[in-house]
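Each remark here refers to the structure printed beneath this line.
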Amino acid sequence: MALNDAQRRAQEAYRKRSVKQVAVRFYPAEEDLWAWLSARENKAGYVKALIRADMEAHSGAGEGGPTSKLSN
């Protein structure tokens, strides 16, 4: 079913107000990372699963919050 103009405007307004987005760049030195991610059928789902696993691993430890530093 095609959306009419009002529905399209409402949908776009909702996205601007509610949806968050992040972009990640992979440089030639990180080709292995890009290849690994590219092999996943659902890239966004894969990244979200990694974040959830990291959150779970750090829950209760008093670390891993939004302002903590990553340990790489």
Side-chain angles (χ1 to χ4, degrees):
M1 179 175 166
L3 298 177
N4 64 36
D5 288 339
Q7 288 170 321
R8 270 193 292 278
R9 285 192 304 271
Q11 193 173 54
E12 184 59 27
Y14 170 79
R15 282 189 191 129
K16 285 181 180 181
R17 185 176 61 249
S18 304
V19 177
K20 309 297 184 252
Q21 184 175 346
V22 64
V24 179
R25 292 184 175 97
F26 294 88
Y27 289 92
E30 302 164 327
E31 180 63 32
D32 58 332
L33 300 176
W34 176 247
W36 185 267
L37 183 60
S38 293
R40 305 296 164 253
E41 186 175 325
N42 181 351
K43 291 167 188 57
Y46 179 72
V47 171
K48 290 174 186 178
L50 289 174
I51 294 169
R52 284 189 181 101
D54 192 47
M55 288 171 62
E56 198 172 293
H58 289 92
S59 67
E63 57 183 85
T67 59
S68 70
K69 295 180 182 178
L70 294 176
S71 57
N72 288 337

(request) Please identify each residue that fulfils salt bridge (Lys or Arg N to Asp or Glu O under 4.0 Å) with Arg8, with sequence neighbours left out. (result) Asp5

(message) Taking side chain to side chain contact (heavy atoms under 4.5 Å, CB included) as the definition, give me every residue that meets it alongside Ala6, ordered by chain and number, with sequence neighbours left out.
(response) Asn4, Arg9

Side-chain atoms of residues 13-28: list all donor-acceptor pairs with protein atoms under 3.5 Å, sequence neighbours left out, distances to 0.1 Å.
unit_1 : atom_1 : unit_2 : atom_2 : d
Ser18  : OG     : Tyr14  : O      : 3.4

(request) Kindly check if the number of other-residue, nucleotide or ligand heavy atoms within 6.0 Å of CD (Glu56) is above 12? (result) no

(request) Write out all pairs satisfying salt bridge (charged side-chain N to carboxylate O under 4.0 Å, His left out) with one or both partners inside residues 27-53, taking only residues at least two apart or from two chains. (result) none

